[in-house]
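Within every chain, numbering begins at 1; the chains are lettered A, B, ... in the order of the sequence lines, protein sequences first and strands thereafter.
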Amino acid sequence: MASKKKGKESDFYTDVYSVVKLIPRGRVTSYGAIAQYLGSGLSARMVGWAMHGAPTGVPAHRVVNRIGMLTGKIHFSTPTQMQQLLEKEGIEVKNDKVVKFNQHFWDPTQELL
DNA sequence: GGTCTGACTAAAT
DNA sequence: GATTTAGCCAGAC
């Protein structure tokens, strides 16, 4: 039927979480990459907004901005939580930025193609 | 109901 | 080449 919305949030959020959960360990992606993967006229900002309501189990620390900067770390319990988690997964973080970001970059439009 | 801000990105200056 | 402006959509005031 015509009804599209209900108690549950928009599928957009769920979709973002699903993609983030699919990120393999030791990899990172960008908000824009997820936005383009969903490709429904989304904007990178909405992906970040979706993370704002991300439930436990979503490795939001694996999602960084386009230049690999840990912009979202400020929303974690502690601003160092994000960096610690990334380093623990084998990702080098320096000055709040991912080292060799291009090497650790994981693009859903490429891997999930 | 209008305005501002926000976990971004790309183009223009 | 670095800085600024504009575009994106949704939530909070």
Side-chain angles (χ1 to χ4, degrees):
Chain A
M1 321 218 337
S3 44
K4 51 215 160 140
K5 269 174 217 123
K6 226 192 134 260
K8 101 195 235 216
E9 285 120 48
S10 305
D11 294 330
F12 159 61
Y13 282 67
T14 306
D15 206 357
V16 173
Y17 305 149
S18 299
V19 175
V20 175
K21 285 190 208 168
L22 290 171
I23 300 173
R25 181 176 164 289
R27 292 282 191 192
V28 288
T29 190
S30 64
Y31 302 97
I34 297 171
Q36 285 185 25
Y37 171 67
L38 300 177
S40 305
L42 283 165
S43 56
R45 264 194 186 141
M46 295 298 86
V47 179
W49 219 231
M51 298 262 99
H52 190 258
T56 310
V58 179
H61 62 271
R62 288 186 187 150
V63 184
V64 294
N65 68 354
R66 192 188 152 352
I67 63 176
M69 187 183 230
L70 283 56
T71 47
K73 69 176 191 174
I74 60 179
H75 279 286
F76 280 77
S77 305
T78 56
T80 53
Q81 181 80 44
M82 191 172 188
Q83 183 173 332
Q84 292 295 311
L85 289 169
L86 289 172
E87 290 183 322
K88 192 155 63 170
E89 301 209 343
I91 298 172
E92 297 179 81
V93 180
K94 196 80 171 180
N95 194 17
D96 296 344
K97 287 183 288 238
V98 177
V99 180
K100 297 174 187 167
F101 175 64
N102 178 24
Q103 191 175 320
H104 294 297
F105 184 64
W106 179 84
D107 192 343
T109 60
Q110 300 271 328
E111 305 295 320
L112 300 181
L113 186 61

ask   = Looking at residues at least two apart in the chain, or sitting in another chain, which of them share a side chain to side chain donor-acceptor pair (under 3.5 Å) with A/T109?
value = A/D107

inquiry  = List the residues meeting ring pair (Phe, Tyr, Trp, His ring centres under 6.0 Å) with A/W49, not counting sequence neighbours, and say none if there are none.
reply    = A/H52

What's touching nucleotides 10-13 of chain C from the protein side, N or O pairs under 3.5 Å?
residue: C/dG11; atom: O4'; partner: A/W49; partner atom: NE1; Å: 3.3

query = When Ile, Leu, Val, Met, Phe, Trp and Tyr are grouped by side-chain heavy atoms lying under 4.5 Å apart, directly or through other members, which residues fall in the same group as A/M69?
reply = A/I67

Could I get a table of every N or O pair under 3.5 Å where one atom is in the protein and the other is in nucleotides 4-7 of chain C?
residue: C/dG7; atom: O6; partner: A/R45; partner atom: NH1; Å: 3.2
residue: C/dG7; atom: O6; partner: A/R45; partner atom: NH2; Å: 3.1

request  = Provide the full list of ring-ring contact (aromatic ring centres under 6.0 Å, His included) pairs with a residue in residues 89-113 of chain A, sequence neighbours left out, each pair given once.
outcome  = A/F101-A/F105

inquiry  = Please determine whether residues A/M46 and A/V63 belong to a single hydrophobic cluster, defined as Ile, Leu, Val, Met, Phe, Trp and Tyr linked transitively by side-chain heavy-atom distances below 4.5 Å.
reply    = yes

inquiry  = Is there a path of hydrophobic side-chain contacts, each under 4.5 Å between heavy atoms, that joins A/M51 and A/V64?
reply    = no

ask   = Can you name the residues that form a side-chain contact (heavy atoms from CB on, under 4.5 Å) with A/S77, not counting sequence neighbours?
value = none

key: Of residues 58-93 of chain A, the positions that come close to DNA chain B - non-hydrogen atoms, cut-off under 4.0 Å   = A/A60, A/N65, A/R66, A/T71, A/G72, A/H75

Please list each protein N or O that sits under 3.5 Å from an N or O in nucleotides 11-13 of chain B, with the distance.
none

message = Suppose the criterion is side chain to side chain donor-acceptor pair (under 3.5 Å): which pairs have a residue in residues 20-34 of chain A, not counting sequence neighbours?
response = none

Of all pairs that satisfy salt bridge (Lys or Arg N to Asp or Glu O under 4.0 Å), the ones with a partner from residues 70-93 of chain A, not counting sequence neighbours = A/R62-A/E89, A/K73-A/D96

